[in-house]
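Start at 1 and go down the list; that is how both ligands and their atoms are numbered.
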Amino acid sequence: MLKKLFGLSLSLILSLSYHANAQDIRISTKNNDLILRVGAGKLLYQPYLGKKLANESDINRLGYGHEAYISHGMKDYFSSAIRVVHTDHNPSLELCYKSHSQKQIDKNVTQTTITLKDTQYPIEVKLIYTSYAEQDIIKCHSEITHKEDGNIMLHNYASSMLHFDNKEYYLTSFSGDHAYEVNMSETKLDFGKKIIDTKLGTRANMFSAPFFIIGLDGKAQETSGEAILGTLAWTGNYSFIFDVDQNGELRIVSGINPESSEYSLEANKTFVTPEFIFSYSSCGVGQASRNFHDWALKYQVKHGDKSRLTLLNNWEATHFDFNEEKLSVIIKDASDMGVDMFLLDDGWFGNKYPRRNSTAGLGDWQETKTKLPNGIAKLVEISKENNVKFGLWVEPEMVNPKSELYHNHKDWVIRLPNRKEYYFRKQLVLDLSNPEVQDFVYKTVDDILTTNPEIAFLKWDCNSPITNIYSEYLGANQSHLYIDYVNGLYKVLDKLLEKHPEIQMMLCAGGGGRGDFKALEYFTEFWPSDNTGPLERIFIQWGFSYVFPAKTLCAHVTNWDKRSGIKFKTDVAMMGKLGYDIIYHDLSPADRAFCQRALITYKRISPTIQEGDLYRLHSPYNSDHASQMYVSKDKSKAILFAFNMTPRNRAIPPKVKLQGLDANKNYLIKEINVIKQAKNTTNKKQTQKEEDFIVSGSFLMNFGLDVFLANERSSKVFEITEQ
Ligand code: DGJ
């Protein structure tokens, strides 16, 4: 009782003292501190972001640093976090501390809300920080409201601004193109600005992924040194500004890309920015990635704690050319292989304009009678008879001009009324800022799921960026379109999630054009790239692994890259969520048997891969080999992958030192996923199984293993088990 009373009075004192002094606001995780300080004139500063300070009194010794959330039009000349034009055309904002509160959401999660207020205008900005102690993750976003007489215009509206005062900064970004996603490049940041942004709208990440690494005081290292890993949870245009000022101080401004997105905000309405999520690590970026993975599976990703379905997809096997008979054979193949599910891809809909290729049918979501006379229902039934689940492809945000939908509802299409239409993949984007269109998209998907309640999975595709940017619905507010589109999409997804919480969904955008942590609230996984050639996939999966857990990365074995064998392809795909997209019965009997065994193996080892700790051991960017391993949380199991890409003749492969094991435990090392030797093979080394052996964790981590081969396109997988 006394304790309770004491607890109560202590929290009362704390909250009183916040109001009385309101000087320092400490946002902590297990290992880190972000300190904000209210200074002269009640401005809010960020004096510190880094490793946790040992004593409360240490904080007193900090200076002020930069203003935490800098507004345009006052004393600063570099990138601002917010720029507003008031109803009287005044373009300035002076944000002063008003109050703050800290709320313990649960033992691990704390939410800090700081309210800032303009000195002259009735406008408030809340900065909201959610910290996850165990995972060393901080999320931040802002909320803007006002009570002016009319609308104010928001020109920029960052989710977050962070400041650094280090000797050097190195930025790693992840850029590319269709089938060439997330190529890592590192560049030193000197005076001036570097912006990574996108304005593709829907397929927003086609050229660059929405995450980055900053190496502080040197290049970012995997296992040592200070690094920041950050990303924006927004399924649309984003922008990261890295601005180094004349004193060598870096500010990072993250949020929705404000370009062509000025937002006219009504009085008493709140403009909510998306979450910027970051992890600071003082022991390398590998730890920051593990922080992200743990946080994502526990707090963010749909069904983060559940296993995923292995599958056989028909896209690479048939493209649009299929009928019920052909699909029945593939469904039987799926059953024979031992995958959990058959996934029917694009091409099953449209009657007046049947979907024979990508030019027609999008928008008309009725089964094509000539291809599927008995509809989806029959395919669900055949799947059931064959003991596999059924999944279906949809692309509900899009329309082909050759469709009934387009002819009946041009007003629902994003298109410029007085210009010739420009097509990306022969299609246009529906206007999701319009509530009627939201209802249509919701109803399309809901009808499919309600009519066929046994559909277990949806692949939700999105092959076009927003083109011909104009919304009939938005009238004078055209610059709202990019933002209202994304919020409209979230409304649809919210309703679907509420009604169909069990459905697993893959997010796809013609490859890796979409994939962010807000989308992953609705989607269990995403498609990193149409490029399933294993050599390229090693790089692509490596890139996405910086923030996304293995469970969310769909990885399929296909016919891409004829020079790679089934084992190499399967080993690469096993590092993510394994699936197949091949003509199974065209494989040799030996390869078919290998796939069957691999699926059984994957069932056994996937909990370690999908829920364990990832250690990136040997980067494909450094040599012709790559290696990564996954360690179970209790360190009793690990799976080690080693790949040889195109090593040069006589090059001596490096040894690999393992990580994350218990030095004092003994482990059995067993090579798995071995392919039976074909009679005419020239690649004997690849097919020779390593002998099992037992060795200590200390040996594995300090001396290492010889796991690489000199053979091109070859690989080894080891199961490591505590003895
Ligand atoms: C693009 C996707 O990335 C492919 O996997 C496939 O689903 C096609 N779209 C279908 O149009």
Engineer: Considering only protein heavy atoms, which is closest to atom 9 (N) of ligand 1, and at what distance to one decimal place?
Structural biologist: Asp461 OD2, 2.7 Å

Engineer: Okay, side chain of Asp340, backbone of Thr310: is any donor-acceptor separation there less than 3.5 Å?
Structural biologist: yes

Engineer: What atoms of ligand 1 come within less than 4.0 Å of a heavy atom belonging to Trp527?
Structural biologist: 3 (O), 5 (O)

Engineer: Hey, is the main chain of Thr558 close enough, under 3.5 Å, to the side chain of Lys569 for a donor-acceptor pair?
Structural biologist: yes

Engineer: Check whether any heavy atom of Arg425 sits under 4.0 Å from an atom of ligand 1.
Structural biologist: yes

Engineer: Just checking, is any N or O donor in the side chain of Asp321 or His319 under 3.5 Å from an acceptor N or O on the other one?
Structural biologist: no

Engineer: Measure Asn313 to ligand 1 on non-hydrogen atoms and call it side chain, backbone, both or neither using the 4.0 Å cut-off.
Structural biologist: neither

Engineer: I'd like to check which ligand 1 atoms, numbered from 1 as shown, lie under 4.0 Å from a non-hydrogen atom of Cys508.
Structural biologist: 2 (C), 3 (O)

Engineer: Would you tell me whether Glu404 and Tyr406 have side-chain atoms, one donor and one acceptor, within less than 3.5 Å of each other?
Structural biologist: no

Engineer: Could you tell me if Asp494 and Tyr522 have a donor-acceptor pair between their side chains, going purely by distance under 3.5 Å?
Structural biologist: yes

Engineer: Using the ring-ring contact (aromatic ring centres under 6.0 Å, His included) rule, pick out the option among Phe349, Trp315, Trp348 that qualifies with Phe320.
Structural biologist: Trp315

Engineer: Which residue owns the protein heavy atom closest to atom 7 (O) of ligand 1, what's the atom, and how far is it?
Structural biologist: Asp345 OD1, 2.7 Å

Engineer: Between Ser564 and Arg713, does any side-chain donor sit less than 3.5 Å from a side-chain acceptor?
Structural biologist: yes

Engineer: Check ligand 1 against Gly511 and write out every atom of the ligand that is under 4.0 Å from a heavy-atom position of the residue.
Structural biologist: 3 (O)

Engineer: At less than 4.0 angstrom from any non-hydrogen atom of Asp346, what atoms of ligand 1 do you find?
Structural biologist: 10 (C), 11 (O)

Engineer: Between the side chains of Asp516 and Thr235, is a donor N or O closer than 3.5 angstrom to an acceptor N or O?
Structural biologist: yes

Engineer: Which bit of Lys459 is near ligand 1, meaning a heavy atom under 4.0 Å away: side chain, backbone, both or neither?
Structural biologist: side chain

Engineer: So is there a nitrogen or oxygen of Trp393 less than 3.5 Å from a nitrogen or oxygen in ligand 1?
Structural biologist: yes

Engineer: I need the nearest protein heavy-atom contact for atom 3 (O) of ligand 1: residue, atom name and distance, please.
Structural biologist: Asp530 OD1, 2.4 Å

